[in-house]
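Below is one structure, written out as structure tokens, with a few remarks after it.
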There are 2 protein chains.
Amino acid sequence: MELRERKQKILKAVVENYIHSGVAVGSKALIEQTGLNVSSATIRNELADLERNGYLLQPHTSAGRVPTQKGYRYYVDNLIKGSNLSDRLKSHIENAIETGADAPERILSNTAQVLSKLTGMASITTTPSGINARVHKIRFVITGRHTCMAVLITSNGMVKSRLFRVEFVVTPELVSMFDKVLNEAFVGVPLKDIDRAFLQSVGASFGELSLFMADVLFAILDSVKQAMQQSINISGSTNLLFLSEYDMLGARDVLKFLSDSENVSTLLSENIKGTKVFLGKESGYYELSGSMVITTTYEIGNQTAGAVALVGPLRADYQTLISMVEYASDYASKLIGELLEV
Amino acid sequence: MELRERKQKILKAVVENYIHSGVAVGSKALIEQTGLNVSSATIRNELADLERNGYLLQPHTSAGRVPTQKGYRYYVDNLIKGSNLSDRLKSHIENAIETGADAPERILSNTAQVLSKLTGMASITTTPSGINARVHKIRFVITGRHTCMAVLITSNGMVKSRLFRVEFVVTPELVSMFDKVLNEAFVGVPLKDIDRAFLQSVGASFGELSLFMADVLFAILDSVKQAMQQSINISGSTNLLFLSEYDMLGARDVLKFLSDSENVSTLLSENIKGTKVFLGKESGYYELSGSMVITTTYEIGNQTAGAVALVGPLRADYQTLISMVEYASDYASKLIGELLEV
DNA sequence: AGTTAGCACTCAAACACCGCGAGTGCTAAA
DNA sequence: TTTAGCACTCGCGGTGTTTGAGTGCTAACT
């Protein structure tokens, strides 16, 4: 659906004015804002046209126009260009992401935090998924007479640990036996191949040892599950309650939505690669019908690993926000890369 | 401040009626509710008396009475007795706390979750503090060419790990050297004694090795910090937004308050031992002036280790809620005990 | 002295009404 | 195609009005 240049200009002006003012914008205000040399009546004709085509909406007869979801969509797709963030802002983001960043998890929780602080909205990041990773190493640490910790290190650099308890007394000899046998069995195996059936076949190969091993294997399975599962950081969801752009009930529903990690992970999993903007009902969740979601992905070693997202009101400064999300995501990605590669 | 029996009866009826109905309660309704064989005028006299003494309040002249903070206080301190929870409820709580409970952290996050689900309010638990613990063991795991994981096991059963990176290439020999030297230096040392100064003295004793050790020591310091710090689970804070007892702005402030872990940890740290109920402003935070907080502590090996708390509106069924919090806390405590002792 | 019936009084909540002003759509002329 | 002019619409804020629940007070009763 193409729009004439003048219509584009007017639509852009309506959206941007509305984004900043929050009130329906009328024909008069648009004269100066667009710089067009026409009367208010002409603008009104164009506005009526845009409304007929579904880009704008009148809240009530005697009010100005407000963008519809379709209007925002057109604006986001055609009318904005990447803004360049100030150097100050960039280095602020960098610093915040770096502080105390000893592991990917920390980097990503920092990322969510700084985005939510800067935008005043809610930010979500997912830790790298281990879905394509393999077992790099398994280690065991004795933690008590009957307790042990299994440490799983994956090829994509995630470290997951799981305590477990066994009937017998754990001795250093036993543990180094675990270590040897299990590393032989597991190193290099893709995580997604490790399931109950696989464990059973491994267990069987141990012969009479396998009785000892049941608890150990279970602990490993659990760590593998942990490593496959993306964990989710949500930061600043409370912010939404304080935004004037939301009515309180709308924000409340968004929080409800975000508090269920099931929802969040399916929302973000739709995003294969690159940046996307979901506007209102496009996401498919009625709780988000008054919200927009900006999602982008980050990569580790040329492979999409996780997502960085921002959730906020439909009435938002898309231009800046998209740039910020992308910048933060890229930087986090770079940092994780450095952490793991070397 | 003692109250005559009839006044007590009336106060109790007002509180309980108000808790359930949410509207100011008038003299007529109290006749049947108290079972007192008096007229409404008599009740009115008593009500006026209770109001003069600060237990009740009239929202406006032509309305019934509502409990004040002082009224709730008297009710909680003198007018309720521990209710016995149904067996069904008890076993529900037990099951929920047990599932997947491989570590204290998990038990406590389960505890927060089940309490928030059952009450529809927000629940907080803190993981055991390592403030009185000692180093039980330190282990190292090679995770990459230049990266390592330090695993700290404390005397109170907490396991904290920290990745770190070093300039040189980590070899098994180096790591077993770390292991040996550092365990000699650290095992049995109280966590709270481990600070920069301590590390420096340890480092110095290594002589020329100490150059190698800087990063390692730093990683240990960080794990120790982690182990000393209670981490906080908050579950169900979004619930508060859906409670009719709150006006939305009140709930919003509570959420804001809860989202700052600084606030939460000082709130809970006031509680040395046993159950306490903070009503409204008693907590000292204006954000909680419309809320009540029930806190109790759990113990590990006869030592207070952490807190279990519930945050909700002032208008709440204290009798049941207190019982639930205490029951859940006791059960979690028992479970952690079992997990660690054996 | 405590209790009660009766009554005048108060005040929040719900509802209707009204004037304003911003902004519109339409029409007829340029 | 654009424009000036004009009648029209409707949300918003402010102002009565009514209703009803619940009170405090007083004077009589036990």
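In what follows, chains carry the letters A, B, and so on, assigned in the order in which the sequence lines appear, proteins first and then strands, with residues in each chain numbered from 1.
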Item to check | Given DNA chain C, 5'-ward residue of the pair A/Ala48 and B/Ile43, judged by closest heavy atom | outcome: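 Nearest-nucleotide comparison on DNA chain C picks B/Ile43.
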How long is the line joining [atom1] of [X] and [atom2] of [N], in whole Å?
X       : N      : atom1 : atom2 : answer
A/Arg44 : D/dC8  : CZ    : C1'   : 13 Å
B/Asn17 : D/dA21 : CG    : P     : 16 Å
B/Arg52 : D/dT23 : CZ    : C1'   : 13 Å
B/Leu36 : C/dT4  : CG    : C1'   : 15 Å
B/Leu47 : C/dT3  : CG    : C1'   : 15 Å

Measure from the side chain of [X], starting at C-beta and using heavy atoms only, and say which of [options] lies closest.
X       : options                : result
A/Arg65 : C/dT24, D/dC25, C/dA12 : C/dT24
B/Ala41 : D/dC10, C/dA5, D/dT3   : C/dA5
B/His60 : C/dC26, D/dG11, C/dC11 : C/dC11
A/Ser39 : C/dC26, D/dT3, D/dG24  : D/dT3
B/Ser62 : D/dG20, D/dT3, D/dC25  : D/dG20

Checklist entry - Can you tell me if NZ on B/Lys7 sees more than 12 non-hydrogen neighbours from other groups inside 6.0 Å? => result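 Yes, enclosed.
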Next on the checklist: Within a 6.0 Å radius of atom CG on A/Asp77, are there more than 12 heavy atoms belonging to other residues, nucleotides or ligands?
Outcome noted: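 Above 12, so yes.
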Item to check | A/Arg6 vs D/dT2: side-chain N/O to OP1/OP2 distance below 4.0 Å | outcome: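 For A/Arg6, the contact criterion (side-chain N or O under 4.0 Å from OP1 or OP2 of D/dT2) is met.
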Checklist entry - Quick one: is A/Thr42 getting a side-chain N or O under 4.0 Å of the D/dT3 phosphate, OP1 or OP2? => result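 Result: yes.
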Next on the checklist: Using a 4.0 Å heavy-atom cut-off, does A/Ser27 contact any base of the nucleic acid, only the sugar-phosphate backbone, or nothing at all?
Outcome noted: sugar-phosphate
Checklist entry - Does B/Lys256 make a cation-pi contact with A/Phe242 (under 6.0 Å, within 45 degrees of the axis)? => result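 Pair B/Lys256/A/Phe242 counts as cation-pi.
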Next on the checklist: As a quick check of understanding, evaluate side chain to side chain contact (heavy atoms under 4.5 Å, CB included) for A/Leu79 and A/Val15, giving each step before the final call.
Outcome noted: CA-CA 10 Å; A/Leu79 268 30; A/Val15 172; over 6 Å; no
Next on the checklist: Whether the side chain of A/Thr61 and the base of D/dC10 hold a donor-acceptor pair under 3.5 Å is what I'd like checked.
Outcome noted: no
